[in-house]
There are 2 protein chains.
Amino acid sequence: MRATLELIGERGADAVTHRAVAERAGVPLSGTTYWFESKDALLQEAFVLAAREEVERLERVVLELAPRELTVGEWADAIAATLAHQSETEPERHVALFELGLESARRPALRAEAERLLGAHLRLAALGARAAGSDDPEADAPVIVAAISGLIFAQLALPRQGFERDVLRPALERLFERLTSGAAIRA
Amino acid sequence: MRATLELIGERGADAVTHRAVAERAGVPLSGTTYWFESKDALLQEAFVLAAREEVERLERVVLELAPRELTVGEWADAIAATLAHQSETEPERHVALFELGLESARRPALRAEAERLLGAHLRLAALGARAAGSDDPEADAPVIVAAISGLIFAQLALPRQGFERDVLRPALERLFERLTSGAAIRA
DNA sequence: CGGTGAGTGGGACAAATGTACCAAGGGGCG
DNA sequence: CGCCCCTTGGTACATTTGTCCCACTCACCG
């Protein structure tokens with residue numbers, strides 16, 4: 001399954017063949033057909049794995065940051081650093097997650113997983129928004145989730161030097177600053 | 001090329017075969033190999049077509065809305081309605097554009113087109129932000145673009161009834177309201 | 001210790017697929 | 001009109017790919 005995810009990231013979803021996966025995983029061809037009923041099942045389980053791991057990882061990060069009473073700038077720093085680190089160490093992960101999203105529109109079996117992933121994103125974003133001083137975390141969460149995934153997508157599509165410093169961090173800080181400034185207005 | 005885009009949207013990028021495209025387009029098999037040097041070339045040109053049409057369409061919408069001095073709520077309405085309309089009438093278009101983004105990381109030939117698309121998005125978002133009263137349109141544009149593409153992605157992955165009313169519009173209004181409220185603070 | 005069953009390794013095969021080839025059409029230009 | 005070339009329609013073929021099958025290993029359990 002991990003070999004499958006790597007292939008999706010490096011060469012696209014249609015580079016995922018039994019043979020390519022088996023070779024990368026270092027198992028004979030029949031290994032992939034023995035463990036997975038079909039190629040579709042393999043793809044599906046790989047997506048599910050990626051989604052679950054992502055949820056776990058996010059929970060670790062947010063649950064560690066939330067109690068710390070960070071400023072919005074520190075939140076932006078921390079999230080930008082985490083995302084940038086992920087993009088460098090395993091760029092295929094986010095590619096696979098986006099492909100998961102696109103596939104879930106076509107495969108009912110993946111919808112549940114995509115739903116779980118989006119739900120976790122929203123929950124964690126609301127938690128972070130509350131910790132950062134938002135006056136309406138439930139309203140901010142969808143905006144934050146959308147913006148972050150949009151930023152990740154932009155970096156995947158057009159990888160560039162200095163993305164974290166020049167784009168990711170300023171955008172996140174601007175967003176967080178503005179979302180949390182509502183309290184000041186209404187006060 | 002249009003048949004190719006439809007196939008990408010409906011059955012995924014690896015459903016794009018010469019035969020499937022030819023059948024859908026109503027031409028013989030050799031029609032696809034005659035006009036396109038290879039399957040990759042066909043995919044590439046289809047992506048380019050989708051991107052160019054999207055830029056044109058966006059320019060029409062934004063250039064029509066910008067001079068009207070809309071409130072942020074009206075901006076949110078207009079954009080939400082446009083996006084919802086697109087999702088309904090040709091859902092495969094956005095799927096194809098996301099696939100274009102993911103592919104552009106792998107195909108240098110697509111990078112230029114992805115760049116053009118992102119550039120147009122940023123330019124138009126900055127224009128809209130300025131028209132809506134942002135005090136720093138250049139800083140807001142990346143946030144707006146990321147948030148909108150993230151929202152589109154969420155709807156593609158998990159199509160749901162009432163998305164426009166329940167998610168898209170509230171999220172856009174919240175975002176716009178907060179981004180443009182900065183002027184009030186600093187004033 | 002013998003058997004048994006999960007897992008491995010290698011190969012086979014039919015279907016799908018990319019691509020090349022060729023014969024025929026048909027409209028525009030001399 | 002007659003020629004030519006762009007285009008069409010159909011077919012052929014080598015390769016790739018999904019899937020299946022079977023002989024074999026070997027750790028575990030009675």
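Residue numbers begin at 1 in each chain, while the letters A, B, ... track the order of the sequences.
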S.K.: Is a salt bridge present between Arg160(A) and Asp166(A), judged by a nitrogen-to-oxygen distance below 4.0 Å?
M.R.: no

S.K.: Taking CZ from Phe36(A) and P from dT8(C), how many angstroms apart are they, rounded to a whole number?
M.R.: 12 Å

S.K.: CG of Asp14(A) versus C1' of dA16(C): gap in Å, rounded?
M.R.: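 Spelled out: CG on Asp14(A) to C1' on dA16(C) is 14 Å.
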
S.K.: Contact class for Val16(A) (heavy atom, under 4.0 Å): base, sugar-phosphate, or nothing?
M.R.: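 Sugar-phosphate contact only - Val16(A) comes under 4.0 Å of backbone atoms but never of a base.
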
S.K.: Please list, chain by chain and in numerical order, all residues satisfying salt bridge (charged side-chain N to carboxylate O under 4.0 Å, His left out) with Arg19(B), sequence neighbours excluded.
M.R.: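 None.
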
S.K.: Does this structure show an ion pair linking Glu53(B) with Arg93(B), if we count only N-O contacts that are shorter than 4.0 Å?
M.R.: yes

S.K.: Can you check the His18(A) NE2 to dA15(C) C1' distance for me, whole Å?
M.R.: 15 Å

S.K.: Report the distance from atom NZ of Lys39(A) to atom P of dT17(D), rounded to the nearest whole Å.
M.R.: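 For the pair Lys39(A) NZ and dT17(D) P, the rounded distance is 9 Å.
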
S.K.: Which whole-number value in Å describes the distance from Glu23(B) CD to dG18(C) C1'?
M.R.: 17 Å

S.K.: Strictly under 6.0 Å, is that where the ring centroids of Phe153(B) and Phe153(A) end up?
M.R.: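 No, they do not, as the ring centres are separated by 6.0 Å or more.
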
S.K.: Indicate for each nucleotide in nucleotides 6-15 of chain D, in 5' to 3' sequence, whether protein heavy atoms under 4.0 Å reach the base (B), only the sugar-phosphate (S), or nothing (-).
M.R.: SBBBBBB---

S.K.: What's the CG-P distance between Leu42(A) and dG18(D), to the nearest Å?
M.R.: 10 Å

S.K.: Would you call Glu177(B) and Arg178(A) a salt bridge, using N to O less than 4.0 angstrom?
M.R.: no

S.K.: For Lys39(A), is there an ion pair with Glu45(A) - N to carboxylate O distance below 4.0 angstrom?
M.R.: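 Here Glu45(A) does not pair with Lys39(A) in a salt bridge, since their nearest N and O are not under 4.0 Å apart.
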
